[in-house]
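Quick notes on the structure that follows.
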Amino acid sequence: MEPTQDAGKHWLSNCEESWLLIINNADDPGLDLLGLFPEGDRGRILVTTRNPDFRIHGTAGSTEFKGLKQEEAFVLLLRAAVIPEPWTAPIEEKAREIVEALGRLALALVHAGAHILQRMCNLHDYLEFYNEYRSRLSSRRGSEELRQDDQYSVYATWEHSLSYLESQQIEASRDAIQLLSLMAHYHFEHIRVDIFTRAMSNRFTAGGSAPRCSLLQRFLDEISARLQPPPLLPEFLRNDGKSFDHYRIQRALHKLSSFSLISYDAKDESISLESFSLHPLVHSWARDRLGKGEQMLWARMALNVLAESVLLPPKDQGEEHEEFRRDMLIHLELCLHSSPIEIPDYDACFGGLKFPVALLFQHTWLFVIRQGTITAAKCGYVCLERGRFRQAEVLLSQAKDALIKSLGLDNDKTTIAMLALATAYWHLGRLEEAVALQQCVVDARTRRFGRDHAETLSAMNELGKSLWQNGQYKEALELQSLTLDRMKAILGSSHKSTLGAMDNLGITYGSWQRPRESEAIHRQVMIAREKSLGPNHLETLVAAHNLAMALKDLDRLDEAKKLMSRVYEQRRTKIGKEHPYTLWALCNLCKILTDLGALEESETLMRAGIAAAVRSLGEDHPGVLMGAGELARICARRGRLDESADLTQQLVERMEQSRGAGHVDYLFALYKQAQLFELRGEFSKAMKVLEVAEEKTPIKLGREHPFAQDITIYLRQLQKLNGHGYTSTLKKIYGEISIDGAEGQNQNHHISTESLRSRKTY
């Protein structure tokens with residue numbers, strides 16, 4: 001499982017042993033504390049909180065802690081301040097006064113000692129400074145907003161640190177204060193230093209990469225730059241690409257570390273600056289110290305910094321960039337929650353005028369819209385890559401709409417955004433919308449570049465995948481064959497785009513029950529990608545996944561299992577245990593295990609995979625439904641026909657609702673249901689279900705497709721025998737008739753149709 005809240009709750013809820021869950025620092029009054037409690041009665045929960053209202057949840061009682069014992073607190077303060085022993089009577093007397101003023105709170109005492117050690121004050125005048133900052137903190141908020149005394153005791157020690165940094169009036173201190181305000185809107189753990197250094201480097205590179213141009217153009221660019229609103233970024237990113245100090249961030253972080261406001265995560269000195277964390281209470285204070293207006297400002301600034309740290313394709317290639325986007329996702333999601341992206345309506349600002357004419361009028365608004373569009377596109381790209389498809393769809397829709405209105409439908413940036421949005425639709429199972437968008441892009445690029453241009457062919461390839469996923473197998477085969485022929489002629493057989501088109505065509509071959517052609521083409525793609533990208537590159541794993549399913553169709557199950565197991569393990573490591581692509585590899589591995597007869601292992605893995613998919617994608621996601629269909633097959637193989645029938649009935653209903661009555665996934669669900677009815681001796685019900693399936697085949701699949709013919713043959717045989725003296729039509733007369741497809745075989749995307757690739761009975 002992934003280390004997420006939902007995964008942890010699920011695991012504890014299903015744990016058969018006793019367990020203890022500790023929920024630490026549950027201080028926020030708005031926290032849904034009950035929402036953190038796992039179901040079941042085998043566990044105990046310990047909550048630490050500064051919010052006394054949460055005591056109502058303490059069914060086993062509650063205990064209040066006031067602080068350290070006096071002697072413990074006294075020693076901690078003096079040792080934190082590194083005051084050498086033996087301690088004189090005046091030192092001990094003053095130390096005891098400080099200890100009592102700080103409520104004997106360990107965190108406050110450690111920071112008080114740090115202030116004394118840094119010579120911001122000495123032991124004898126510490127209380128004077130402390131009381132001053134506590135009064136200042138209290139006056140900044142109304143009495144109704146004051147927290148408990150212990151929390152404000154700690155807050156006051158940090159206010160002292162902050163004031164000291166402000167008084168220094170040097171670049172490193174200013175940067176440290178601004179970094180603290182940014183961190184308040186990220187998650188408090190594992191903040192990578194290169195969030196900030198990448199943002200600096202990217203802005204520096206963008207500022208210095210402009211091509212040489214005429215004197216007049218430089219003059220116009222200078223005027224345009226002066227008209228732009230100042231970027232909403234911290235000072236260390238507002239250098240407009242004029243300089244790049246590699247160590248500026250490290251100097252600022254050193255300031256924060258010296259006051260124990262942050263702590264580096266790694267112990268190895270060679271990587272000690274990779275990431276850092278804040279104590280949860282420091283994190284709360286960093287946000288609480290800001291007024292509401294300031295919180296909104298810094299939340300947006302924190303989001304902008306993350307956006308500046310991200311590069312859009314094709315500048316984002318390599319595992320280093322992939323790992324960075326994986327690690328920053330949790331911070332991005334918090335920023336999007338605190339500061340949702342809102343792009344001003346272009347038409348309302350410019351009345352339909354397109355760029356660059358709009359520059360003559362509302363110049364400032366144009367740059368605001370441009371920046372919001374870029375941020376939405378970057379955030380949507382990260383969410384799409386990390387499997388957050390609903391978030392990606394919202395963000396990419398915003399970017400697409402703004403680009404269409406400002407630049408027009410045929411613009412390069414617009415068509416790229418449309419294809420990205422179509423990919424999000426694809427993953428969400430909104431296939432009609434995906435096909436419509438991709439067809440628009442094909443038409444736009446054909447008008448602009450011609451039908452044989454690489455960009456047009458790329459869009460045609462994407463459209464072909466969606467037609468396949470939408471159950472339009474005939475149209476997909478025709479378009480993909482045409483696209484591949486043109487790519488080979490124009491780009492060459494070894495080009496990256498050509499290999500992608502080959503892989504997609506191989507999947508469609510499988511859908512047409514041409515497994516040998518499918519196996520050959522997937523193997524060719526995998527070998528080519530292994531040579532150019534390496535055996536464990538994500539794109540290589542896509543081809544390996546598809547090859548494993550082709551081998552399964554050819555009944556070469558041991559080879560298929562070995563290959564799919566490697567794909568599954570590599571994806572667990574590279575993109576996460578509960579990423580949709582990982583779960584899809586798990587689902588197809590279970591199919592192979594089922595065909596090998598490892599039913600218990602297959603069921604255990606499948607149930608865990610479905611639970612994870614529900615957490616990631618939701619109960620009605622097409623991928624979850626496909627997993628439920630495979631679980632029904634496993635149950636039937638294990639003799640639990642009633643359970644299998646219930647699962648299959650749910651699958652039929654939900655497939656019709658989500659995919660439509662003409663989609664091949666719905667037809668497959670009906671076919672499986674008919675087989676179950678047959679196995680249970682309910683022949684009239686089986687015939688009725690097959691009649692519905694036969695009636696729906698012309699909608700998308702077409703009567704000429706092999707599976708449509710299978711439906712008709714199966715139905716005619718049942719009608720002929722009409723159930724008299726019949727024990728198993730499938731096995732006695734027709735042998736192995738398909739109930740299993742290659743759900744999810746296309747790993748360029750992970751939601752997939754039943755593609756008729758394997759022909760096994762229940």
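What you see is a predicted model; the values in this text were computed from it and never measured.
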inquiry  = Tell me whether Gln709 contacts the main-chain N or O of Glu704 through its side chain, where contact means a donor paired with an acceptor under 3.5 Å.
reply    =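 A pair under 3.5 Å: yes.
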inquiry  = Determine whether a donor-acceptor pair (N or O, by modelled atom type, separation under 3.5 Å) exists between the side chain of Trp426 and the backbone of Leu431.
reply    =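 Side chain of Trp426 to backbone of Leu431, a donor-acceptor pair under 3.5 Å: no, none is there.
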inquiry  = Could you walk me through whether Glu603 and Arg633 satisfy the salt bridge (Lys or Arg N to Asp or Glu O under 4.0 Å) test, starting with their C-alpha distance in whole Å, then the side-chain angles of each, then the deciding distance to 0.1 Å, before giving a yes or no?
reply    = CA-CA 10 Å; Glu603 181 174 353; Arg633 186 169 80 103; over 6 Å; no
Between [Y] and [X], is there a side-chain heavy-atom distance shorter than 4.5 Å?
{"X": "Arg486", "Y": "Leu491", "answer": "no"}
{"X": "Met487", "Y": "His495", "answer": "no"}
{"X": "Leu651", "Y": "Gln673", "answer": "no"}
{"X": "Leu670", "Y": "Leu690", "answer": "no"}
{"X": "Leu676", "Y": "Ser644", "answer": "yes"}
{"X": "Gln469", "Y": "Lys465", "answer": "no"}
{"X": "Glu578", "Y": "Thr582", "answer": "no"}
{"X": "Asp558", "Y": "Leu596", "answer": "yes"}

request  = Taking the six-membered ring for Trp and the single ring otherwise, decide whether the centroids of His705 and Phe707 are under 6.0 Å apart.
outcome  =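 When the ring centroids of His705 and Phe707 are compared, they turn out to be at least 6.0 Å apart.
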query = Pick from Arg637, Arg556, Lys561: which one makes a salt bridge (Lys or Arg N to Asp or Glu O under 4.0 Å) with Asp595?
reply =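 Passing option: Arg637.
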Salt bridge or not between [X] and [Y]? Use side-chain N to carboxylate O under 4.0 Å.
{"X": "Glu16", "Y": "Arg42", "result": "no"}
{"X": "Glu539", "Y": "Lys496", "result": "yes"}
{"X": "Arg572", "Y": "Glu569", "result": "yes"}
{"X": "Asp410", "Y": "Arg448", "result": "no"}

Calculate, to the nearest 0.5 Å, the distance between atoms [atom1] and [atom2] belonging to [X] and [Y] respectively.
{"X": "Met626", "Y": "Asn588", "atom1": "CE", "atom2": "CG", "answer": "10.5 Å"}
{"X": "Leu396", "Y": "Asp401", "atom1": "CG", "atom2": "CG", "answer": "11.0 Å"}
{"X": "Lys474", "Y": "Leu467", "atom1": "NZ", "atom2": "CG", "answer": "13.0 Å"}
{"X": "Asp452", "Y": "Thr446", "atom1": "CG", "atom2": "OG1", "answer": "9.5 Å"}
{"X": "Leu419", "Y": "Glu462", "atom1": "CG", "atom2": "CD", "answer": "6.0 Å"}
{"X": "Gln439", "Y": "Ser466", "atom1": "CD", "atom2": "OG", "answer": "11.0 Å"}

query = Where do Glu385 and Lys574 land on the salt bridge (Lys or Arg N to Asp or Glu O under 4.0 Å) test, with the steps shown first?
reply = CA-CA 12 Å; Glu385 180 187 59; Lys574 297 175 75 69; over 6 Å; no
ask   = What is the ring orientation for Tyr581 with His579, classed by angle as parallel under 30°, tilted 30 to 60°, or perpendicular over 60°?
value =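 It falls in the perpendicular class, over 60°.
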request  = Check Leu384 against Phe389 and note the closest heavy-atom contact, atom names and distance.
outcome  =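 Smallest interatomic distance, heavy atoms only, reads O-CE2, 3.6 Å.
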task = Let me see the working for Arg390 and Glu393 under salt bridge (Lys or Arg N to Asp or Glu O under 4.0 Å), right down to the final yes or no.
result = CA-CA 5 Å; Arg390 292 185 182 87; Glu393 184 269 328; over 6 Å; no
